[in-house]
Amino acid sequence: MRLSQSFIPTLKETPAEAQIVSHRLMLRAGLVRQTSSGIYAWLPAGLRALRNIERIVREEQNRAGAQELLMPTIQPAELWRESGRYEEYGREMLRITDRHEREMLYGPTNEEMVTDLARQSLRSYRDLPQMFYHIQWKFRDEVRPRFGVMRGREFLMKDAYSIDLDHAGAVVSYRRQMLAYMRTFQRLGLKAIPMAADTGPIGGELSHEFIILAPTGESQVYFDAAFEEIDYTSDALSGQSPEELLRFFETMTSHYAATDEKHDPASWERIASARRREGRGIEVGHIFYFGTKYSAAMGFSVAGPDGRPVHPEMGSYGIGVSRLVGAVIEASHDEAGIIWPDSVAPFHAAILNLKPGDPVCDALSERIYAQAPGSMLYDDRQDRAGAKFADADLMGHPWQIVVGPRGAAADRVELKRRATGERQDVAAADALARIG
RNA sequence: CGGGGCGUGGCGCAGCCUGGUUAGCGCGCGUGUUUUGGGUACACGAGGCCGCCGGUUCGAAUCCGGCCGCCCCGACCA
């Protein structure tokens with residue numbers, strides 16, 4: 001993408017409404033613009049980051065055996081009356097009436113709809129297990145939206161649903177999702193900690209929330225260093241047989257991890273002090289096992305092996321995809337701007353042409369850009385070098401390829417790694433190979 | 001929902017208390033010159049129904065009332 005022709009409106013000053021660092025940087029780097037309280041438009045660079053996160057979430061869901069589908073944003077109130085949540089959910093649910101006076105709602109989650117789809121077509125225990133997911137916009141009419149996309153009213157969420165014949169099967173599905181979550185967050189460059197959690201309005205008996213570490217997180221968290229040491233993407237964890245999943249789950253739940261509300265100093269003291277870790281955390285995912293809560297309430301049953309009807313055991317698994325864009329920035333930034341992990345960055349590298357109009361600089365910049373126009377942002381603006389450096393740091397590209405008159409004459413460019421600030425002078429021909 | 005605050009060119013703000021001539025400053029934007037490896041300097045210029053509606057007044061950005069929007073703290077959440 002050529003910056004001179006792109007809609008990436010960066011800001012030198014911070015808009016007054018933005019309080020936390022990710023919100024400020026998202027506005028300043030031209031990733032999003034607010035259209036109403038808690039509702040945002042995603043601009044080209046922001047959308048690219050959002051799509052990258054979405055892609056990783058999708059790959060890990062597929063790997064976990066979940067099938068992607070896409071359910072609507074608007075749902076009929078009737079379904080929610082069946083489960084009893086239409087009344088329960090309260091003002092947080094955005095209710096809509098269509099022209100025929102039918103009551104509808106903008107979905108805050110999809111348990112009812114999944115159960116309805118399942119009961120229409122799943123009739124036998126032979127049809128189970130099933131695991132579905134979709135990545136769809138949700139709406140929760142928060143009393144007080146804040147923190148930019150981290151706590152918006154409209155947000156993009158991955159929600160998955162497991163349907164198993166019995167408790168044993170449901171627990172395997174639950175563990176499978178837990179592993180997918182750890183892999184997903186690791187690939188996003190985040191340190192994630194699973195913590196036992198309350199089940200809230202979704203209900204159920206087994207639940208974990210996933211907290212990622214960020215210096216500006218909302219809550220204090222305490223955990224065992226073990227969580228930092230496991231490579232969740234390793235082959236050892238790729239088999240996913242029930243036995244392997246059990247071992248994994250036991251590892252996850254055997255180590256201490258708690259938010260400050262549930263922190264137990266006595267247990268904490270029992271951990272070797274060198275292994276104690278604490279920090280600030282942001283919740284980015286939540287998984288629930290809720291058994292037959294919806295299948296029973298909504299009359300979803302399948303024929304069991306003995307011919308008798310059985311209510312399947314279900315679970316649901318959410319990841320706040322749009323929230324993660326903010327969360328990644330909270331976890332990775334400095335005074336100058338965003339520091340994107342390679343896997344999330346809207347652009348892998350920016351080419352900074354320090355002297356546009358100079359035939360040598362232009363030719364060299366164009367030559368590099370032509371090699372990978374899809375993954376690079378070419379700063380071809382008629383602007384001062386300082387402005388380009390500042391914008392590139394703000395936008396957080398993992399790499400900057402600096403093309404200046406001095407180096408270009410010798411066919412050399414400077415590579416800057418955003419995360420470390422490290423610079424190296426390399427032959428132009430080697431530049432792309434060096435940055436992967 | 002309880003408590004607090006704010007709406008003035010694209011962004012950040014001043015002016016409002018103590019109504020009165022062309023509504024101001026910085027940044028950004030445009031043109032020209034200048035500068036050329038970390039937001040250059042100078043000059044000229046464009047851009048505003050002062051959130052909306054109503055009231056008071058000879059006169060309202062300024063005073064009064066209502067409405068709308070946005071932000072912060074708290075309770076609540078992916």
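Worth knowing before you read on, the calculation uses all heavy atoms, side chains too, and leaves out hydrogens, waters and symmetry mates. Here is the naming used below: chain letters follow the sequence lines, and residue numbers restart at 1 for every chain.
- A gap of 13 Å separates the P atoms of B:C49 and B:A23, to the nearest Å.
- The residue A:Glu283 sits close only to the backbone: its heavy atoms come under 4.0 Å of sugar-phosphate atoms, none of a base.
- Base engagement by A:Val143 is indicated by at least one non-hydrogen atom pair under 4.0 Å involving a base atom.
- Across the C1' atoms, B:U8 and B:C70 are found 15 Å apart, a figure rounded to whole Å.
- Taking side-chain N and O atoms only, A:Gln34 has no distance below 4.0 Å to OP1 or OP2 of B:G69.
- Checking A:Ser322 against A:Thr14, the closest nucleotide of RNA chain B that is more toward the 5' end is the one next to A:Thr14.
- Remark: side-chain polar atoms of A:Lys158 are not paired, donor with acceptor, to backbone N or O of A:Glu54 under 3.5 angstrom.
- Distance check on atom P: B:G15 versus B:G32 gives 38 Å, rounded to whole Å.
- Remark: aromatic rings of A:His23 and A:Phe147 are distant, center separation not under 6.0 Å.
- Listed nucleotides B:C11, B:C71, B:G74 differ in distance to A:Arg144; the shortest reach to its side chain belongs to B:G74.
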Q) How far apart are the C-alpha atoms of A:Tyr161 and A:Phe132, what are their side-chain angles, what is the distance that settles it, and do they pass the ring-ring contact (aromatic ring centres under 6.0 Å, His included) test? A) CA-CA 5 Å; A:Tyr161 302 87; A:Phe132 310 137; 8.1 Å; no
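- Nucleic acid contact class of A:Arg91 (heavy atoms, under 4.0 Å, all strands): none.
- Whole-Å rounding puts the A:Trp137 CH2 to B:A78 C1' distance at 13 Å.
- Nucleotides B:A75 and B:C29 place their C1' atoms 45 Å apart, quoted to the nearest Å.
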Q.
Walk along nucleotides 25-40 of chain B from 5' to 3' and tag each nucleotide B, S or - by protein heavy-atom contact under 4.0 Å, base first, then sugar-phosphate.
A. -BBS------B-BBBB
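- Rounded to the nearest Å, the gap between the C1' atom of B:C76 and that of B:C63 is 40 Å.
- Distance, A:Phe147 CZ to B:C76 C1': 12 Å, rounded to whole Å.
- Using atom C1' as the reference point in both B:G30 and B:G9, the two lie 15 Å apart (nearest Å).
- Taking atom CZ of A:Arg146 as the reference point, atom P of B:G5 lies 19 Å away to the nearest angstrom.
- For the pair A:Arg95 and A:Tyr86, the distance from NZ or CZ to the six-membered ring centre is under 6.0 Å and the angle to the ring normal is within 45 degrees.
- With rounding to whole Å, A:Ile211 atom CD1 is found 13 Å from B:C77 atom P.
- Between A:Ile319 atom CD1 and B:A78 atom C1' the separation is 10 Å, expressed in whole Å.
- Under the 30°/60° scheme for interplanar angles, the aromatic rings of A:Phe249 and A:His208 are found to stand perpendicular.
- Using N1 to N3 plus N6-O4 or O6-N4 for Watson-Crick, or N1-O2 and O6-N3 for G-U wobble, each under 3.5 Å, B:G24 pairs with B:C13.
- Protein atom CZ of A:Arg24 is 13 Å distant from nucleotide atom C1' of B:C72, rounded to whole Å.
- A tilted orientation is assigned to the rings of A:Trp137 and A:Trp42, their planes being inclined by 30° to 60°.
- Nucleic acid contact class of A:Gly148 (heavy atoms, under 4.0 Å, all strands): none.
- The CD atom of A:Glu142 sits 9 Å away from the C1' atom of B:A78 (whole-angstrom rounding).
- Residues A:Tyr317 and A:Ser162 bring a donor and an acceptor atom of their side chains to less than 3.5 Å of each other.
- Applying side chain to side chain donor-acceptor pair (under 3.5 Å) to A:Tyr133 and the options A:Asn62, A:Asp159, A:Asn110 leaves one that passes, A:Asn62.
- Nucleotides B:G24 and B:C50 place their C1' atoms 12 Å apart, quoted to the nearest Å.
- If you take CD1 of A:Ile287 and P of B:C77, they are 18 Å apart, rounded to a whole angstrom.
- Between the side chains of A:Gln61 and A:Glu68, no donor-acceptor pair is found at a separation under 3.5 Å.
- Of the nucleotides present, B:G74 is the one that pairs with B:C1 by Watson-Crick or G-U wobble criteria, both distances under 3.5 Å.
- Applying the 3.5 Å distance criterion, the base of B:C76 shares a donor-acceptor pair with the side chain of A:Arg151.
- One P atom belongs to B:U18, the other to B:G65, and the distance between them is 14 Å to the nearest Å.
- In the set B:C77, B:G12, B:C76, the nucleotide with an atom closest to the side chain of A:Ala16 is B:G12.
- The salt bridge (Lys or Arg N to Asp or Glu O under 4.0 Å) with A:Glu112 is formed by just one residue from the set A:Arg85, A:Arg81, A:Lys293; it is A:Arg85.
- Screening A:Arg153, A:Arg91, A:Arg151 against A:Glu142 for a side chain to side chain donor-acceptor pair (under 3.5 Å) leaves a single residue, A:Arg151.
- Of the residues in residues 35-62 of chain A, those with a non-hydrogen atom less than 4.0 angstrom from any atom of RNA chain B are A:Ser36, A:Ser37.
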